[in-house]
Amino acid sequence: MKNIFTKILSLTSITLFFLLSISKQAIAQRFRGKIEYYSSVFPSEDGKIKSIDDTKIEYYNSVFKSEDGKVKSIGDKRVEYYNSVFPSENGKIKSIGNTKIEYYNSVFKSEDGKIKSIGNIKFEYNNSNSQKSDGKVKSITNENDDRESEDALDTYYFIERLNCQ
């Protein structure tokens, strides 16, 4: 009985090791590609990512501080920014392609300036007196399981990283 248990345990551990190594290889292969960088006289572009494989990334050269040096397009998806009198949305992403992004303009500090929606994806935040939960995400819902909004959400976070270069 002890030998059977030992064989089953060793077979299980070998199988898990094999599956883990395959999944690690798949993850590593997913992010391979050629990355090119701008070498430009414009400080808003210089040293930033120009392309990943065949996907071009362009940046704004603008007189508006709210968009200067920020991502203008990724491939064929255009990115627009708010030029607003409201500090809670000024300089933030307004749209990615055809997907509109809205922010809260609120008297509640816990939600002011935070994402309200990305396409059909709606965000809600805790508005309580507790310092631990105040302003943290309460819920994220995707009405009608809209795939285009899901893609825009992923692209939003990618753009935010690129804009921090």
Side-chain angles (χ1 to χ4, degrees), residues 16 19-33 35 37-38 43-45 47-62 64-165:
L16 285 173
L19 291 173
L20 184 62
S21 66
I22 289 173
S23 69
K24 289 289 184 189
Q25 287 175 345
I27 290 169
Q29 289 173 355
R30 182 175 168 198
F31 295 107
R32 290 185 185 161
I35 300 174
Y37 295 87
Y38 281 100
S44 57
E45 294 179 334
K48 293 187 176 180
I49 296 174
K50 182 178 185 178
S51 65
I52 300 173
D53 288 333
D54 295 327
T55 305
K56 274 185 75 174
I57 300 171
E58 295 178 300
Y59 300 88
Y60 281 100
N61 289 315
S62 176
F64 297 111
K65 188 178 180 185
S66 59
E67 62 187 22
D68 188 45
K70 293 184 178 178
V71 174
K72 182 178 185 178
S73 65
I74 298 175
D76 61 347
K77 289 197 184 233
R78 185 154 171 77
V79 181
E80 294 180 348
Y81 297 86
Y82 283 100
N83 286 315
S84 175
V85 295
F86 298 110
S88 58
E89 64 184 20
N90 190 40
K92 293 186 178 178
I93 299 171
K94 182 178 184 178
S95 65
I96 300 169
N98 294 327
T99 306
K100 188 176 179 186
I101 300 168
E102 296 177 308
Y103 301 88
Y104 283 101
N105 286 319
S106 177
V107 294
F108 299 111
K109 186 178 177 183
S110 60
E111 63 185 21
D112 190 42
K114 293 188 178 177
I115 299 170
K116 183 177 186 179
S117 66
I118 296 178
N120 289 322
I121 299 174
K122 309 293 182 212
F123 293 78
E124 285 186 81
Y125 300 90
N126 280 315
N127 195 2
S128 64
N129 294 331
S130 170
Q131 288 181 342
K132 290 184 178 183
S133 63
D134 199 33
K136 292 186 178 177
V137 176
K138 182 178 182 180
S139 69
I140 301 172
T141 55
N142 184 355
E143 299 170 5
N144 305 323
D145 290 325
D146 182 17
R147 186 69 200 140
E148 190 174 321
S149 295
E150 291 281 341
D151 291 342
L153 178 63
D154 292 339
T155 305
Y156 175 87
Y157 289 110
F158 180 64
I159 292 167
E160 287 293 308
R161 286 191 203 140
L162 287 173
N163 284 340
C164 289
Q165 292 185 76

Test applied, side-chain contact (heavy atoms from CB on, under 4.5 Å); reference residue, Ile118; option that passes from Ile96, Thr155, Ile101: Ile101

For the student: nearest non-hydrogen atoms of Tyr59 and Leu162, plus distance: OH-CD2, 4.1 Å

Sidechain-backbone polar pair: Asn90 side chain, Val85 backbone, donor-acceptor under 3.5 Å: no

Pairwise side-chain contact, Ile115 with Lys92, heavy-atom cut-off 4.5 Å (strictly under): no

With Ser149, the side-chain contact (heavy atoms from CB on, under 4.5 Å) member among Asp146, Asp151, Asp145: Asp146

List the atom pairs, donor and acceptor, that lie under 3.5 Å between side-chain atoms in residues 70-78 and the rest of the protein, sequence neighbours left out.
residue : atom : partner : partner atom : Å
Lys70   : NZ   : Ser66   : O            : 3.0
Lys70   : NZ   : Gly91   : O            : 2.5
Ser73   : OG   : Glu58   : OE1          : 2.8

Nearest-0.5 Å distance, CG of residue Asn83 to CD of residue Glu80: 10.0 Å

Exercise: identify the closest heavy-atom pair between Ser51 and Lys56: CB-CA, 4.2 Å

From CZ (Arg147) to CG (Asn120), nearest 0.5 Å: 13.5 Å

Smallest separation among heavy atoms of Thr99 and Ala152, with atom names: CG2-CB, 3.6 Å

Side-chain heavy atoms of Tyr60 within contact of Tyr81, under 4.5 Å: yes

Closest non-hydrogen atom pair, Ser44 against Asp68: CB-OD1, 3.7 Å

pair Tyr156-Ile121: side-chain heavy atoms closer than 4.5 Å: no

Lys114 atom NZ, over 12 foreign heavy atoms within 6.0 Å: yes

Non-hydrogen side-chain atoms of Asp112 and Val107 separated by less than 4.5 Å: no

Whether over 12 other heavy atoms sit under 6.0 Å from Lys122 NZ: yes

Side-chain heavy atoms of Asn127 within contact of Asp134, under 4.5 Å: yes

Min side-chain heavy-atom separation Phe123-Leu153 under 4.5 Å: yes

